[in-house]
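All residue numbers in this chain count up from 1 along the given sequence.
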Amino acid sequence: MNEFYDVLQLLKRYGVIIYTGNKRQDSILMESEVKELYDHQFIDQQTYLQAVLVLRREIT
């Protein structure tokens, strides 16, 4: 997982679609959703860390 699009596809696989029209705001909301997936053990630690890294790059 190297791109924003990859994280979008990961969330889409679990029925989560986020679009606010603001990419920075989308990234913040997506990070929250990825954390929820990890907390509920839908995704493993490596996937979680990769997704968060990609999203934090988008936020800054």
Side-chain angles (χ1 to χ4, degrees):
M1 184 171 324
N2 297 323
E3 298 180 19
F4 187 78
Y5 180 76
D6 297 332
V7 181
L8 282 172
Q9 293 305 310
L10 171 70
L11 291 173
K12 189 174 170 184
R13 202 175 329 155
Y14 292 99
V16 178
I17 298 172
I18 295 175
Y19 180 76
T20 63
N22 180 333
K23 197 168 185 180
R24 183 175 187 281
Q25 198 65 25
D26 288 350
S27 297
I28 293 168
L29 291 171
M30 288 168 66
E31 185 175 343
S32 170
E33 291 296 328
V34 167
K35 182 171 180 355
E36 287 290 320
L37 289 174
Y38 176 69
D39 288 345
H40 293 291
Q41 299 177 346
F42 285 104
I43 58 175
D44 63 3
Q45 184 179 17
Q46 183 177 358
T47 304
Y48 169 70
L49 292 174
Q50 287 175 334
V52 168
L53 180 65
V54 168
L55 292 170
R56 289 197 179 158
R57 260 188 286 160
E58 290 294 325
I59 292 170
T60 58

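Ile28 CD1 to Arg56 CZ: the interatomic distance, rounded to the nearest 0.5 Å, is 11.0 Å. Here the straight-line distance linking atom CG of Leu29 with atom CZ of Arg24 works out to 11.0 Å at 0.5 Å rounding. In this structure, CD in Glu58 is found 9.5 Å from CD in Glu3, a value given to the nearest 0.5 Å. Atom-to-atom distance recorded for Tyr48:OH and Gln41:CD is 13.5 Å, nearest 0.5 angstrom. Rounding to the nearest 0.5 Å gives a distance of 5.0 Å between CG of Leu53 and CZ of Arg57. Here the NZ atom belonging to Lys35 is positioned 9.0 Å from the NE2 atom belonging to His40, to the nearest 0.5 angstrom.
The two residues Asp6 and Asn2 make their nearest non-hydrogen contact at OD2-N, 3.0 Å. Of all heavy-atom pairs spanning Ala51 and Leu10, the tightest one is CB-CD2, 4.5 Å. The two residues Met1 and Val54 make their nearest non-hydrogen contact at O-CG2, 3.9 Å. Minimum interatomic distance between Asp26 and Phe4 (heavy atoms only, all atoms of both residues): CB-CZ, 4.4 Å.
The hydrophobic cluster containing Met30 also contains Leu49, counting ILVMFWY residues as joined when their side-chain heavy atoms lie under 4.5 angstrom apart, directly or transitively. Ile59 and Ile18 are members of different hydrophobic clusters when ILVMFWY side chains are connected at heavy-atom separations under 4.5 Å.
The main-chain N or O of Phe42 is found under 3.5 Å from a side-chain atom of Tyr14 such that the two form a donor-acceptor pair.
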